[in-house]
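Note that ligands are numbered from 1 as they come in the structure, with each ligand's atoms numbered from 1 the same way.
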Amino acid sequence: MTATEIRQAFLDFFVSKGHTIVPSAPIVIKNDPTLMFTNAGMNQFKDIFLGEAPAKATRVADTQRCLRVSGKHNDLEEVGIDTYHHTMFEMLGNWSFGDYFKKEAIAWSWELLTEVYKLPKDRLYVTYFEGDEKDGLEKDTETYNLWKQYVDEAHILPGNKKDNFWEMGETGPCGPCSEIHYDSRPDSERAEVSGATLVNADHDQVIEIWNNVFMQFNRLKGGALQSLPAKHVDTGMGFERLVRVLQGKTSNYDTDVFQPLIQFIAEKARTPYPAIWVESKDKVEVDEDSDVAMRVIADHIRAISFAIADGQLPSNNKAGYVIRRILRRAVRYQYQYLGFRDPFLNTLVPVLAEQFKGVFDNLYSQKDFVQKVILEEETAFLRTLGNGIARFNERIKLLTHLEAGQKATGFYESFEPNKINGAFAFELSDTYGFPIDLTELMARELGFSVDIEGYELALQEQKTRSRAAGTIDTQDWIILKDDETSIFTGYDETETIAHVVKYRKVTAKGKEQYQIVLDKTPFYAESGGQVGDKGELVFPDGTIILVTDTKKENGLTVHFVDNLPEDIEDALTAIVDPALRGQTNANHSATHLLHAAMKQVLGTHVNQKGSLVNDQYLRFDFSHFAKVTDEELAQIEAIVNQKVRQNIPLKEERSVLYAEAITSGVTALFGEKYGEYVRVITFEDEFSKELCGGTHVQATGQIGFFKIIAESAVAAGVRRIEAITGVAAEVYITNQSLLINQLKDLLKNPKDLPKSVESLLDENNKLKKEIEKSILEKSSGLKNELAQKAEAINGINFIAQKVALPNAEAIKNLAYQLKDIVSDLFLVLVADLDGKPSITVMIAENLVKEKGLHAGNIVKELAKEVKGGGGGQPFFATAGGSDVSGLDNVLVKAKSFVG
Ligand code: ATP
Ligand code: MG
């Protein structure tokens, strides 16, 4: 039987028993503070059970879309790992509202499973409630006796409150239940181990398929049970599990419910499902990451799609946040294990919608919208995910070092091995959009834990901060002209006569700004990496309004200004700042030349992953798996500058059919959406041809000169080049050469500059060593002198001296040397190190033991004389301070410790 037939057979069967078929309720619950999502078929009948609403029919049946990702029923962690828990699943159910009870429910479920679906009886097990003392509930012998009519006693098992007393949530309708389990293990295994021992034991092949709940109570807040006004039957059978059992599969994912999705994913990922692996003699059952990933994605897309179709958009709080987290979990799997770098999840929506046509039509009718929402979410999340994963791995590397015995110091002192600290977990969520459970999951996979308390604390702090920062207040548009189109003239001119179509006031962080839309504008609105234009709007009365930025909103060009003119309805001249635009053009055209040159030098795998073009510089991110070497960079620069000198004229085609452009070999960007008609920018047919909406130079000579100033990594497999052109490049080169001339002057114009710097460094090292040696000599001399001065007091050789050594290292050295030659030593050395007092205490180990002396405590006491502090071990300790005049007192006080 196909899944569709199996579902229909269920509904038909209960119609034949006098039931009315009702539609599924939405998966998203709106007006119930105790529940965010439908987690069982009975949710929509809660009021009927509680006696708060009348039942329209006393016998109903349906298939209900359910979601178990939060609250009492949360299976999220199991999904993809095991073979039978999903986030979203269909629950087939039949209900009696004060009509039939246990006898009929049990008889019919047995009839359906064994006579309609023809499941073998010896593979089925049933359970009944064993009672619970705390709740004052008795054993459900009635159910036991009913089952005995059909089922072998060895297949009727008692169950505890956890498994056999069903509750919707912390409060609400509940009652004892009777589950039906199915053992799908091969006969050989079944002969060895009885299925009865595996029921409710988390065995992958002995699973619960149906639960018959006998609703009798209402759980009140505080835990007490209250009898319901009438007795009801509420059953739930996992549709995907039933299909698996009937189709003879060992995993829900192998049925025709999931295979269309999984095979679609496998094809797009170019990875087979299940993964192919080489058999070896000690074969271990491992799940390939790609298999788990495909199951997770096939599962999650269902939850996400139905939640959105039922009106729950992903967002930053409550139910919306639950959906956003599931979505990000799926994206993270597709990114990390299936190699998808561009949005993918959303492309599953049409496949899913088709599959549920005629079952849950709400998805099919909104499939474009649902797909668009998912695409937007994915795009936003992907942008930061790559960077975040790189950051995470860096941190793990660092922590792994710690574990290997390296002592963390300074900034890293608060780090613990095997633990991601709260501040970092917060950074991942705040900057890179990692849900905390994603961080936990990634950490757990590597054997690390996450400091959740620290994370919560950081989160709380941020909430307090952002509340203080205030919100953006956008007022309604004030419309002056009904004409909604806004024509862009900026490809041809930088000055255009125009009218204001509409404007509005925006207040952010206490600052007022206005946004203006014109009927015609030469201002380029930020897009495709190129920043928005700046310039002026000049009104006839001479008023000049500065445009500080230009951005797109729903296809309209919005100009940002700080104030409005007196007469806003007058014709105005919109003038783009020509200098800024000119430099931006040069940087944009240079970006195209750079892209083409890189494909020549590095290979055609180089693809643009992002870019920024403004009047100052250009930034280009691209796919490439190694650092670009200095030679390669020089080669790339040479090609670009050659093209600049050739002064290649710009070829601009404004509306080329997308399909035609692609066949002509134009470079299109991944993850970018193009319309039917596109704009093609060409600099020499054979060299650079790109789909682009930006502004450019008229000929490459206007770029002047191209210079790369940095090359770095952005994320795994993505590198970044930063470069400058024109005057900026000229200034850069001039400064570099000035710098070199300065160095040459300082070194008296050597023939070979690097060589003379090298010998300077050598000489410096030599001198350093000599100084160190002479200090050592000096302290050795002091050693003997001080040893002479030892004073015997109470069996202690006491030395307290001020010494003239240049640094703490030298003093420490001296102390250790003295310890070697003077027995029973109690040593206090003080010094004035460039105006800072220094105290060192050294005590022979035998004195520490015998007399209980502690250098660390003593030095703390002594440091008070110099207004300072310090500490250390029992035999050696040091202190500093701020008052050198107290050093003599230190020496006096020192004696009190031995006297
Ligand atoms: P399990 O112990 O397997 O998690 P459950 O006791 O939580 O199941 P019920 O709350 O009784 O299940 O739900 C009724 C039926 O719904 C189950 O018998 C099962 O067939 C199905 N079901 C429950 N949870 C899931 C899930 N996460 N995915 C798919 N089907 C499920
Ligand atoms: Mg469960």
Side-chain angles (χ1 to χ4, degrees), residues 3 6-7 10 24 27 35 37-43 45-46 61-95 105 109 112-113 117 119 124-129 157 159-170 172-184 198-215 219 233-246 249 251-255 257-258 295-296 298-300 302-303 306 322 326:
I6 292 168
R7 187 190 289 112
F10 177 91
S24 169
I27 211 164
L35 210 56
F37 303 104
T38 298
N39 64 14
M42 56 73 64
N43 294 165
F45 308 119
K46 186 179 154 190
D62 72 4
T63 178
Q64 170 68 48
R65 44 186 187 273
C66 297
L67 196 56
R68 292 196 170 181
V69 291
S70 57
K72 185 172 167 60
H73 295 280
N74 186 347
D75 295 333
L76 187 59
E77 292 283 313
E78 258 70 59
V79 170
I81 314 293
D82 81 8
T83 59
Y84 61 109
H85 279 96
H86 305 295
T87 53
M88 180 267 175
F89 63 98
E90 279 181 72
M91 198 185 280
L92 301 168
N94 58 288
W95 285 271
S109 56
L112 176 63
L113 291 180
Y117 291 135
L119 283 175
L124 289 165
Y125 291 86
V126 300
T127 66
Y128 65 96
F129 182 47
L157 311 166
N160 59 19
K161 186 170 143 188
K162 181 183 139 279
D163 289 320
N164 281 75
F165 193 85
W166 199 90
E167 311 204 28
M168 182 188 80
E170 294 316 320
C174 54
C177 64
S178 175
E179 303 164 341
I180 304 172
H181 295 254
Y182 187 82
D183 183 352
S184 56
L198 299 176
V199 165
N200 274 331
D202 289 334
H203 192 289
D204 235 20
Q205 299 306 322
V206 184
I207 60 170
E208 176 188 330
I209 54 171
W210 200 350
N211 196 356
N212 278 249
V213 184
F214 309 116
M215 288 292 182
R219 174 82 68 188
V233 170
D234 152 36
T235 90
M237 173 149 63
F239 172 63
E240 299 76 12
R241 294 188 189 180
L242 175 68
V243 173
R244 154 202 180 153
V245 160
L246 292 177
K249 307 289 186 194
S251 162
N252 290 13
Y253 295 96
D254 292 342
T255 65
V257 177
F258 284 97
R295 292 199 289 267
V296 166
D299 173 274
H300 287 11
R302 294 163 34 111
F306 280 105
V322 174
I326 299 173

Could an N or O of ligand 1 be found under 3.5 Å from any N or O of Gly238, whether backbone or side chain?
-> yes
Looking at CG of Asn164 and CG of Asn200, how far apart are the two atoms once the value is rounded to the nearest 0.5 Å?
-> 7.0 Å
Quick look: Glu78 vs ligand 1, heavy-atom contacts under 4.0 Å, and the answer is neither
Could you pull out, from Arg68, His73, Met42, the option with a heavy atom nearest to atom 7 (O) of ligand 1?
-> Arg68
Any donor-acceptor pair under 3.5 Å linking the side chain of Thr255 with the backbone of Arg244?
-> no
For ligand 1, which part of Trp166 has a heavy atom less than 4.0 Å away: the side chain, the backbone, both, or neither?
-> side chain
Among Glu90, Glu208, Glu240, closest by any non-hydrogen atom to atom 8 (O) of ligand 1 = Glu208
Using a strict cut-off of 4.0 Å, indicate which atoms of ligand 1 neighbour a heavy atom of Met91.
-> 13 (O), 14 (C), 16 (O)
Take every heavy atom of Tyr84, measure it against each atom of ligand 1, and state whether any distance is under 4.0 Å.
-> yes
Please state whether the rings of Tyr253 and His86 are parallel, tilted or perpendicular, taking 30° and 60° as the class boundaries.
-> perpendicular
Part of His86 within contact of ligand 1 (heavy atoms, under 4.0 Å) = both
Taking atom CG of Leu76 and atom NE2 of His300, what is their separation to the nearest 0.5 Å?
-> 5.0 Å
Counting only heavy atoms, which portion of Ile209 has something under 4.0 Å from ligand 1: side chain, backbone, both, or neither?
-> backbone
Does the pair Glu78/Arg68 count as a salt bridge with the N-to-O cut at 4.0 Å?
-> no
Apply side-chain hydrogen bond (donor to acceptor under 3.5 Å, both in side chains) to the pair Asn94 and Thr235, showing each step before the final yes or no.
-> CA-CA 6 Å; Asn94 58 288; Thr235 90; 2.5 Å; yes
Under 3.5 Å: donor-acceptor pair, side chain of Glu240, backbone of Glu90 = yes
Just which atoms of ligand 1 are under 4.0 Å from any heavy atom in Trp210?
-> 18 (O)
